[in-house]
2 protein chains.
Amino acid sequence: MPIEIPEVVIERLPVYARALADLEAQGREVVSSQELGEKLGVTPAQIRKDLSYFGRFGKQGRGYNVRRLSEHLRHILGLDRTWDMVLIGVGPLGQAILHYGGFAPQGFRVVEAFDASPAVIGRTIGGIVVRDVRDLKQRLAERKVDIGIVAVPAAVAQEVIDTLVECGIKAILNYAPIAAQVPPGVHIRRVDPVLELQSMTYYLKSQDGAAK
Amino acid sequence: MPIEIPEVVIERLPVYARALADLEAQGREVVSSQELGEKLGVTPAQIRKDLSYFGRFGKQGRGYNVRRLSEHLRHILGLDRTWDMVLIGVGPLGQAILHYGGFAPQGFRVVEAFDASPAVIGRTIGGIVVRDVRDLKQRLAERKVDIGIVAVPAAVAQEVIDTLVECGIKAILNYAPIAAQVPPGVHIRRVDPVLELQSMTYYLKSQDGAAK
DNA sequence: GTATGTGAACCACTTCACAGCA
DNA sequence: TGCTGTGAAGTGGTTCACATAC
């Protein structure tokens, strides 16, 4: 692939891909950047520019073939395969993740789960046997996984993340409320509803003082 | 308040606030933008510039008083009060949210919960009585809440969000996998782990093809 | 006629670099 | 001397606007 593609662009592609999957399910054959943009709250120019990093998928005067573009995006993002994930932390949050039905249909499956507590080690949750986190490194040496999910308390999250990195994991989904450090080449995304709430309150506060 | 403050800045403030709370708990009295930046993976200049939108909180040659800056940020963000939230959707995800212990310590409490299914309506979960979503508008007219949490299936999420907006809700945390549309003045943030995963796979895929 | 693809113009955010203050 | 606060410079991303193709 040629030059560096902005990370914001990569983050928008799954949004496009999802919208296209919806359109496909509805039986739509063609969509314009205009219409797609309206659905997603993005400008048409944004969509066209984003797609142009990867090729020319549209037909002038017509728009984009939904199925074709959908498949292209899925391929670009690597969504046309299955990704194996390891979960660290099987407390209430981790258990909810194991039971969550939203990953599998998208090709993401948890294949290993670890915890430090004897209360859960050995139990089978969501079809996965919970193992002792002390066996993590050894186990991951045998059974390669692609992605790590961190659902441990904040106090030990960085330590767990360091271990995952040592195991060669290159992508981490972090549910722990910390600003985790990872070396270059390792990708990390945080899922942190409290942070989302805490930035929205800024605007709520302003509104109370002014209008409304 | 003077000119428009970039939204990215607002989104970073809670991160700073959290780090400062940690330092405070550790008994630290002073911190430099340098040190804070290292902890958070942000440049010192970024932190100083961000803070400068709101005032002058530091002392040249010394740094920032941890407690003082922490309190300022909490006040700026409106974290020095409690925020009432309404949850829509009490399926597995919604129940996990009701049981989640991470909101309350930060001043966010779910005070109302609604669902459409007779299986949960009337039940008490996490101390909250689940009500019929058909009573949502009426109930919110009596009992004002600040924030809406949407944990319903994608198919009905936009409809629920529209209702919340009609009720005068100005901030929404959306767990449903849709690109929701809200009118100007309403703030919405999404919590969408699948989207996070789907953008990371782009990089995993590239690496497989190249190095590693 | 209509909608894409894309250089160029624009805008916003980040980083620099240094004056100013403790 | 050390670190903040901040205009100015730099960078990166978005939007424009139009040539191009169907």
Side-chain angles (χ1 to χ4, degrees), chain A residues 1-16 19-20 23 28-73 76 179 184 199 202, chain B residues 1-16 19-20 23 28-73 76 179 199 202-203:
Chain A
M1 297 275 154
I3 52 164
E4 194 70 42
I5 293 161
E7 179 153 348
V8 276
V9 173
I10 303 302
E11 285 172 9
R12 279 192 295 264
L13 295 188
V15 180
Y16 302 163
L20 287 162
L23 288 169
R28 287 288 306 278
E29 296 200 346
V30 177
V31 70
S32 66
S33 59
Q34 174 74 39
E35 183 185 352
L36 198 55
E38 279 167 14
K39 266 200 203 315
L40 299 175
V42 171
T43 67
Q46 179 87 269
I47 293 175
R48 296 201 301 276
K49 176 66 100 177
D50 285 352
L51 296 178
S52 77
Y53 283 104
F54 301 94
R56 305 151 72 108
F57 306 114
K59 278 201 172 55
Q60 276 119 327
R62 251 175 89 57
Y64 299 89
N65 178 291
V66 171
R67 184 192 187 99
R68 194 174 104 85
L69 181 55
S70 174
E71 278 173 6
H72 269 295
L73 287 180
I76 290 165
S199 64
Y202 170 78
Chain B
M1 297 277 153
I3 53 163
E4 195 68 43
I5 293 160
E7 180 153 349
V8 276
V9 173
I10 303 303
E11 286 171 8
R12 279 192 296 264
L13 295 187
V15 179
Y16 302 163
L20 286 161
L23 287 169
R28 287 289 307 275
E29 297 200 346
V30 177
V31 70
S32 65
S33 58
Q34 173 76 37
E35 183 185 351
L36 198 55
E38 279 166 16
K39 267 201 203 314
L40 299 176
V42 170
T43 66
Q46 177 88 269
I47 293 174
R48 296 202 301 275
K49 176 64 98 175
D50 286 353
L51 296 177
S52 77
Y53 283 104
F54 302 95
R56 305 152 70 110
F57 306 115
K59 280 202 171 56
Q60 276 119 327
R62 250 176 89 57
Y64 300 89
N65 178 292
V66 171
R67 185 193 186 99
R68 195 174 103 85
L69 182 54
S70 174
E71 278 174 5
H72 269 294
L73 286 181
I76 291 165
S199 63
Y202 170 78
Y203 298 102

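Every chain is numbered from 1, with letters handed out A, B, ... down the list of sequences. Everything quoted here is computed from the prediction, not taken from an experiment.
Side chains of B:Ile5 and A:Tyr202 form a contact here, defined as non-hydrogen atoms less than 4.5 Å apart. Taking the side chain as every heavy atom from C-beta outward, B:Val42 and B:Val15 never approach each other to under 4.5 Å.
In terms of the salt bridge (Lys or Arg N to Asp or Glu O under 4.0 Å) criterion, residue partners of A:Arg67 (sequence neighbours excluded) are, by chain and number, A:Glu71. By the salt bridge (Lys or Arg N to Asp or Glu O under 4.0 Å) test, B:Arg12 is found to be paired with B:Asp50, residues two or more places apart in sequence or in another chain being considered. Remark: B:Glu7 pairs with B:Arg189 by the salt bridge (Lys or Arg N to Asp or Glu O under 4.0 Å) rule, at least two apart or across chains. Residues meeting the side-chain hydrogen bond (donor to acceptor under 3.5 Å, both in side chains) test with A:Arg68, sequence neighbours left out: A:His72. Taking B:Ser52 as the reference, B:Lys49 meet the side chain to side chain contact (heavy atoms under 4.5 Å, CB included) condition, with sequence neighbours excluded.
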Criterion side chain to side chain contact (heavy atoms under 4.5 Å, CB included) on B:Leu73 and B:Phe54, from CA distance to verdict:
CA-CA 9 Å; B:Leu73 286 181; B:Phe54 302 95; 5.8 Å; no
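Both B:Tyr64 and A:Arg48 lie close to DNA chain D; mapped to their nearest nucleotides by heavy-atom distance, the more 5′-ward contact belongs to B:Tyr64. When each of B:Ala45 and A:Ala45 is assigned the nucleotide of DNA chain C with its nearest heavy atom, A:Ala45 is the one assigned upstream, toward the 5' end.
Contact annotation: B:Thr43 side-chain N/O to C:dT15 OP1/OP2 distance is under 4.0 Å. Residue B:Gln46 places none of its side-chain N or O atoms closer than 4.0 Å to OP1 or OP2 of C:dC13.
Across the protein-nucleic acid pair, B:Ile47 atom CD1 and C:dC16 atom P stand 14 Å apart, rounded to whole Å. The CD1-C1' distance, from A:Ile5 to C:dT6, rounds to 15 Å in whole Å. A straight line from CD of A:Glu38 to P of C:dA3 spans 11 Å, rounded to a whole angstrom. Atom C1' of nucleotide C:dA3 and atom CZ of A:Phe57 are separated by 17 Å, given to the nearest angstrom. Rounding to whole angstrom units, CD of residue B:Gln34 and P of C:dC16 are separated by 12 Å. What separates CD of A:Glu7 from C1' of C:dC13 is a distance of 16 Å, to the nearest Å. In this structure, B:Arg12 atom CZ and C:dT15 atom C1' are separated by 12 Å, rounded to whole Å. Rounded to an integer number of Å, the gap from NZ of A:Lys49 to P of C:dC10 is 15 Å.
Residue pairs that meet the salt bridge (charged side-chain N to carboxylate O under 4.0 Å, His left out) test with at least one member in residues 28-48 of chain A, sequence neighbours left out, are A:Arg28-A:Glu35.
Heavy-atom contacts of chain B under 4.0 Å fall on DNA chain D between two terminal nucleotides, which in 5' to 3' order are D:dG2 to D:dA8.
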Dump every N/O contact between nucleotides 20-22 of chain C and the protein below 3.5 Å, one line per pair.
| from | atom 1 | to | atom 2 | distance (Å) |
| --- | --- | --- | --- | --- |
| C:dG20 | N2 | B:Gln60 | NE2 | 3.4 |
| C:dA22 | O4' | B:Gln60 | O | 3.3 |

